[in-house]
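In what follows, a single structure is set out as structure tokens and then discussed.
Atom set for the values below is all heavy atoms of this structure, side chains included, hydrogens, waters and symmetry mates excluded. Convention: sequence-line order gives letters A, B, ...; per-chain numbering from 1.
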Amino acid sequence: EEPEDKWKWWEEKDNAKDSGVKWKFLEHKGPVFAPPYEPLPKTVQFKYDGKPMKLSLEAEEVMTFYAKMLDHEYTSKNDFNKNFFGDWRKVMTKEEKSIISDLGKCNFRDVCTYFQQKTEERKARSKAEKLEEKQKNEALVEEFGFCDWDGHREKIGNFRLEPPGLFRGRGNHPKMGKLKKRIIPEDITINCSKNSVAPKPPPGHKWKEVRHDNQVTWLVSWTENIQNQNKYIMLNPSSRVKGEKDWQKYEIARNLKTKVDRIREDYMRDLKSSEMMIRQRAVALYFIDKLALRAGNEKEDGESADTVGCCSLRCEHIKLHKQLDGKDFIVEFDFLGKDSIRYYNKVPVLKQVFKNLVLFTENKEGGDDLFDRLNTSTLNKYLNSLMEGLTAKVFRTYNASITLQNQLLELTDPDDENVSSKILSYNRANRAVAVLCNHQRAAPKNFSEQMGRMNDKVELWSAVLASKTQYLIRLRNVASLMGSFLLITYVWFMLYLILLRFSTTLVDMLQMVGMCIKIEKKQADIRDAKQEAKSAKSDYKHNKSEGKRKLYEAKKKKIERLQEQLIKLEVQATDKASLVFGKTTEENKEIALGTSKLNYLDPRITVAWCKKYAIPIEKCYNKTQRDKFAWAIAMVDESYVF
DNA sequence: CGAAAAACTTAGTATTTAGACT
DNA sequence: AGTCTAAATACTAAGTTTTTCG
């Protein structure tokens, strides 16, 4: 049920213009405010020092923010508690403030339980109720989720304002737990055309400002109270203004491809420059190019977590090894990057780079800047002089995209007709990029739960192992000689050997075994379904009725569906196996593929690859991704080269 | 100019949804 | 029909780059 009238902006001729004017006409309905606070029922009590205590409305609301997070790790952190308590006290009445002086005496448990119950209840609602809410939400999206941008109905990204709550910084953020205030109309700046129908503030309220700035792309802005930074409501990635920008980004990266050899020659030469700044710039650029590090802007001290990028690296973030594990000139990186994600890497570097690093760290403390003569703006100014539009982050885009293209070329086997093995190659190429960019995620936590259920299934696994692995034959032979107790012991022993051999984890092994079970089952299902289809067919031949025909059709459909599921399972299993038996088992399950796919990989590479091997684009891109990359999907054929 | 603010992109995690499984 | 899981989507923090300002 796709609307067929979607605007194909990439088909228009005047796409490339860049005059700074972002729109000629802009009309929208403004933001959707967070729902007002609903006071707690009387029966749900906050307790202080063991005694129930009724709070003023405002203090109660802030209290619930904490209560809702009671079981979260945040509430065990000192900064979080300190910041919360400080801000909470600011909204208390005088009396409340005089009583509540110690967070340790506060009991939020009942309130926490109340909210947990509410989510349970929400989950347990009837189908009709859920449907009703869904429809209400759709109506809201219809009204507020779109705008008129130069005569086209465009989707808005985030039209709901962020609700109040406690700030959840990432990593060791000094402001974690501070109160993020409710946004009111008086905080809001509206941006729209002069000749449009401007959004109306809620009754009794006024906007902070209504402006008509067609040089910017945002519709609504406000200043958040934690870091005092502006936030915006902007369009969805499927919109023209975002899509064109994205397209342009990849064109700049492709342009870098034609210049990169020269730029590399330049920084190689500069490694020996007599000017310190130029030497530092050369080394920094070498890191940015080779390791896909981020630029690394300076950050205000103590305002946010202590993280760095290339230009802001400190001496303590690298260790220099003239020799390590038999290799020369190794730099060992260990620092926290964006989102406090750890970057750890041991890299062999050029002798001259190594020499320079020794020079840069001489007579410095660990806390001193490695590149003390360099910052992102001088670096970017230099890059811009080499090529129009070139900045530090273009190297990440370029290296990510070129890596995908090369890996696809290398890993795709043109003779293998199997779609699932193609997808596996694609995912591996994607993974190579994610590793390069250090895109991580928390390891899925069901891993340890699966451990728990281990014992119940051990016999089943034994059987599957017996039929699936190379140890099978031995196992079967042995099994005939042994009782089941011995058999199980033997299986565990084999498992242990596998673990040792591949230095993998038990959980990974067990997951693979689980997948084998699923695959076997699916294969059995397909055999059954084929049987059924066969008998339905002969039924139909004997009795050519409409009902029989439909039945036969349905059976055929079922086979198709099952076969698709089987392919999916096989992909999963092979993918998993390559993870488990590959070299970097531990990190790999913590590699996130999504970020690079969405932000770094020229979608035209993927589209061209899909066309070349007749892979449906749906196998690589989900709905959201197809919307975002609609321009690329429409634009290129298999001959596209990044 | 250089610092600060504004604008815009990139990021991981939390929540929701879909669909497979029992 | 309910339960479980993985994928999709929502959310918003945290970066980079561009623009403004003193």
Nearest to the A/Arg170 side chain among C/dA13, B/dT13, B/dT10, which nucleotide is it? C/dA13

Under 4.0 Å between any heavy atoms, over every strand shown, what does A/Ile341 touch: base, sugar-phosphate, or nothing? Just pick one. sugar-phosphate

From the candidates C/dA14, C/dA13, B/dT10, the one with an atom nearest any side-chain atom of A/Asp339 is C/dA14

Would one find a side-chain N or O of A/His439 under 4.0 angstrom from OP1 or OP2 of B/dA11? yes

With a 4.0 Å cutoff (strictly under), does any side-chain N or O of A/Lys249 reach OP1 or OP2 of B/dC8? no

For a quick test of reading the model: is some side-chain N or O of A/Arg396 closer than 4.0 Å to OP1 or OP2 of B/dA11? yes

Where the side chain of A/Arg160 is defined as all heavy atoms beyond and including C-beta, which of B/dT16, C/dC11, B/dC8 is the nearest nucleotide? C/dC11

How is A/Pro237 classified with respect to the nucleic acid when contacts are heavy atoms under 4.0 Å: base, sugar-phosphate, or nothing? nothing

Each nucleotide of nucleotides 16-22 of chain C classed B (base within 4.0 Å of a protein heavy atom), S (only sugar-phosphate) or -, in 5' to 3' order, makes BBS----

Quick one: is the NZ or CZ of A/Lys118 closer than 6.0 Å to the six-membered ring centre of A/Phe115, and within 45° of its axis? no

Do A/Arg396 and A/Asp289 meet the salt-bridge criterion of a basic N to acidic O distance under 4.0 Å? no

How long is the straight-line distance from CZ of A/Phe84 back to CE of A/Met176, given to the nearest 0.5 Å? 15.0 Å

Among residues 212-235 of chain A, which contact DNA chain C at a heavy-atom distance under 4.0 Å? A/Gln227, A/Lys231

N/O (side chain, A/Asn622) to phosphate O (OP1/OP2, C/dA8) under 4.0 Å: yes

Looking at A/Lys22 and A/Asp213, does any basic side-chain N land under 4.0 Å from a carboxylate oxygen? no

Taking the side chain as C-beta and beyond, is there a heavy-atom pair between A/Ile188 and A/Ile183 under 4.5 Å? yes

Pick base, sugar-phosphate or nothing for A/Gly169, based on heavy-atom distances below 4.0 Å to the nucleic acid. sugar-phosphate

Closest to the 5' end of DNA chain B, once A/Asp246 and A/Arg168 are matched to their nearest nucleotides, is A/Asp246

Over all atoms of both residues, closest heavy-atom pair of A/Trp222 and A/Asp187: CB-O, 3.6 Å

If we ignore hydrogens and angles and just use 3.5 Å, is the side chain of A/Trp247 paired with the main-chain N or O of A/Lys242 as donor and acceptor? no

Do side-chain atoms of A/Lys597 reach the backbone of A/Gln625 as a donor and acceptor pair under 3.5 angstrom? no

On DNA chain B, compare the nucleotides closest to A/Tyr74 and A/Arg211; which residue's is nearer the 5' end? A/Arg211

Verify the contact: side-chain N or O of A/Ser340 to OP1 or OP2 of C/dA14, cut-off strictly under 4.0 Å; return yes or no. no

From C-beta outward on A/Lys245, which listed nucleotide comes closest to its side chain: B/dT13, B/dA11, B/dC8? B/dC8

Using a 6.0 Å distance limit plus a 45 degree cone around the ring axis, check whether A/Arg604 lies over the aromatic ring of A/Phe642. no

Hey, is A/Asp369 close enough to A/Arg314 for a salt bridge, meaning N to O under 4.0 Å? no

When we call it a touch if two heavy atoms are under 4.0 Å apart, what does A/Lys175 touch: a base, just sugar-phosphate, or nothing? nothing

